[in-house]
Amino acid sequence: MSSIFIFPGVGKTSLVVRYIGKMFSKHISPTIGASFFTCNINLDNARVKLQVWDTAGQERFRSMAPMYYRNANAALLVFDITSATSFTAIKGWVKELQSNVPEAMVLSVVGNKSDLESLRAVPYSDAAQYAATIGAAYTETSALHDQGIDQVFLNTATSLLKLSSSNLVSSLRSYDSADGDTDRIPTGKPSEEDATHTGKVELPAWRIDNIAHGEMQRSMCC
Amino acid sequence: MASTSKDNAPISVQDENTPDELEPGACPESILNPTDSFEEFASEMSSSLQERNALTTKSSTISEIQSEIGEEKDAQMKTTKSADDLQSKDGSISASASSSNLTEENGDDTDNAPENYLHSPELINKEKHVFILSSAGKPIYSRYGNEDKLAGLCGVIQALVSVVEEQNQDILRSITTKDCKAVFLVKGPLILVAVSKSNESETQLVLQLTYAFNQIVSVLTLTQLNRIFEQRRNYDLRRLLSGAERLIDHLLIFMEKDPAFLLGAVRCLPLPEKARENITNAITTTCHKIRDLVFAIMIAGNQLITLVRMKKYTLHPSDIHLLFNLVRSSESFKTAESWTPICLPKFDATGFLHGHVSYIAEDCQACLLLLTVQRDAFFPLSQAKHTIAEKMRRSNCLVAINDALNRHRDLPTTNPLKHIGIPEIRHFMYKCKSTAQLFTSDPISLDRLQDYRMRHKEGGDIVEKPIKKLSDIDYVRNYRQFCSQIHCTSIPAKLIFRSNAQDTILAWVTNGFELYVTFDALMEKDQAIKAVDRLLWWIKKEEQRIFIMNAPTF
């Protein structure tokens, strides 16, 4: 279980829709409440099933948040690199998560809209530094150009796997069967999709030092 | 040319043709609460200042349901209830953040002097403006333009309202000029104003403002709205409404186009009786064990497919309209299952229901809403949805829904006028009063609404266009004045027959139904009566298909 936060308009839904649906739409309307997605990620020796809450960023949904993060094992904190306010907001959320979620949690800071480099308001080093202080990975993504998003989910899955094997977390279920037919909730289309989406070129927009965990395996995404 | 005839009306029509049968569409029990909104608005409009200020909050239906469901959950519920307050204790983080965001936005182009702005192309020549402000005079919403730049105007509105209240101990209801009506509605801590050059009556405008108010309540709950302004009279409500402006935008367009609002009724998706039964069964058999579920509603294209409810509770058409509007305006529901708080103001304005909202399948644009009082019920409801979808697919319901949505040409309801075979009838709309359901000859299709929205990006400009062929929307516009004569509280008309060189319009209200028909020009009365007879006969014959004739419960 994983949750995505935080600020309205930073592109959380675009990010998830890009990852799950492999598409980008300029016309995504603000999320109402929260949307729920599931996806399976194949790692070297295991298959991780992520259940993702894509939460609304608007202030009026603020108090709904505990409902989504209470049982979460990971959180993607998404901000918009062109908005300093959205970056500041993340820090508040981290505090809230740290004080309200008793179990260990995989945190990951994501700077979205990296395609708008010219409008950047949050320096890369600031964000990376902050991420390091809370023990989180920092990745910059572009939902528009599909850059870095696979890494975010892959990193999260890898870290979750580590976390579950360390047995620190009781709520994180791991199953022995590596074939992973543990789906109880029928999923949409994810994992059925061919692993070979041709024609996609990863530009080196993300830097090597942002990969905090695990190995990058381009061919394995759901 | 107009004759409002009560005396020479052919009152015998009903006796001759439908002797002891029920009127088309009527059934013993209704899923919808048929209370006419019109009476309500009449009382709204005649209430005194004292009555209005004493805004009585009704007891909460939601807590009633919660307490019925079981005492064992009581403790849990209490915490739920308090946690439902969207203004959480630690909301200050994001609050401060978003307020700074607002000032950012405010900061840009202040070069436009305010008086010039009122004459800018964004604002002039619009058919109808709607402004919403707080009783302290802070702008909250403007249909056109940027409400930030309208602070001056809002100040004037607030002054007008409060001068009448304080000095005259009276309520400002409307101002009429030669070509324009301004209608004022004060509701709780908000002031809503419509400035219209359309042919809508004052009551119809008040109705629209009330809908806009209910839309805000639906997002925040009345409790929260009142409390915010009790605590801080100067609060900038836009902070909490961000992202919801578009709901009001869409609602205002929707209300101008769809006669469902004019008549306070809900349109159903015409479906074979068997198909609707299968859909309802799929829902009841799956959900009867889910105790907290209050309503299961399936809709497609602003039309109701089915509604299954908890015993004792019904929904008001205006709450369903808000749900239609929510689903229509939220593309994000299409991509995934959503879980969202929804307040239905007529059902219970004080609290939220929690809604699981999702489309049935990629290949079927029917949307299922499962509304519960339990905020943690997402997973069981998600499971239920998948079961329902599967059952529906197996019983071929998806095909039936798609055929109806795509207006398959073999269906009698696709082109009713052709099927009825009365060439003189150009358009009609029929409301069954006891069930608050509606059928019109030319269901306004979604695509056209969408087109309208795209064409009128800024939208709403008054244009003089040569009339070639009337669209269904134009017919509805024409019915407005007849509708307001029929719903007029002082001397309501029972039957109106107006014939002129453009067309002939008949509006007829009985205890059981309301009927509005547009005929060819210069139609004779007795001819029109014969045609109406056949029309009613046809509606009766097709009633199982075009109306929901039962009121299923879990």
Side-chain angles (χ1 to χ4, degrees), chain A residues 1 5-9 12-14 16-18 20-21 23 25 27-38 51-68 70-71 83-96 99-100 184-189, chain B residues 80 82-101 104 219-221 224 238-247 326-327 329-342 352 354-358 362 375-376 378-379 382-383 385-387 389-390:
Chain A
M1 181 83 77
F5 301 120
I6 295 281
F7 209 66
K12 298 175 290 295
T13 303
S14 294
V16 179
V17 168
R18 166 63 89 183
I20 310 262
M23 55 165 197
S25 164
H27 301 292
I28 287 177
S29 62
T31 309
I32 311 247
S35 304
F36 182 76
F37 300 83
T38 52
Q51 298 183 319
V52 182
W53 281 110
D54 170 16
T55 60
Q58 279 78 20
E59 185 178 340
R60 67 197 148 93
F61 296 112
R62 185 71 175 64
S63 71
M64 299 287 146
M67 204 152 85
Y68 307 114
R70 203 174 37 218
N71 297 316
S83 155
T85 339
S86 70
F87 180 61
T88 322
I90 279 195
K91 300 180 181 172
W93 279 98
V94 169
K95 284 202 192 86
E96 177 167 343
S99 53
N100 288 315
R184 305 255 306 291
I185 297 164
T187 55
K189 57 178 184 183
Chain B
T80 308
S82 62
D84 271 353
D85 300 342
L86 290 182
Q87 276 291 79
S88 56
K89 296 182 294 275
D90 43 12
S92 51
I93 315 159
S94 60
S96 58
S98 56
S99 64
S100 60
N101 199 30
E104 255 172 41
V219 164
L220 297 177
T221 75
Q224 200 194 354
R238 285 177 303 164
R239 236 158 74 181
L240 281 180
L241 287 179
S242 70
E245 308 89 348
R246 121 202 101 84
L247 293 177
L326 175 74
V327 171
S329 330
S330 311
E331 286 293 306
S332 64
F333 289 150
K334 287 191 179 158
T335 44
E337 295 171 55
S338 292
W339 183 239
T340 177
I342 300 172
F352 281 118
H354 297 274
H356 179 281
V357 188
S358 61
E362 295 240 323
R375 69 173 357 216
D376 291 331
F378 177 85
F379 289 102
S382 169
Q383 183 80 64
K385 182 249 157 157
H386 289 284
T387 317
E390 210 170 293

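Naming: A, B, ... by sequence-line order, numbering from 1 per chain.
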#### Entry: Evaluation steps, side-chain contact (heavy atoms from CB on, under 4.5 Å), between A/F36 and B/F379
CA-CA 10 Å; A/F36 182 76; B/F379 289 102; 3.5 Å; yes

Minimal heavy-atom distance between A/G33 and B/P341, with the atoms involved, is CA-CD, 4.3 Å

Nearest heavy-atom contact between A/Y68 and B/W339 is OH-O, 3.3 Å

Bottom line for B/L326: the part with an atom under 4.5 Å from chain A's heavy atoms is side chain

Of all heavy-atom pairs linking A/R60 and B/L240, the shortest is CD-O, 2.7 Å

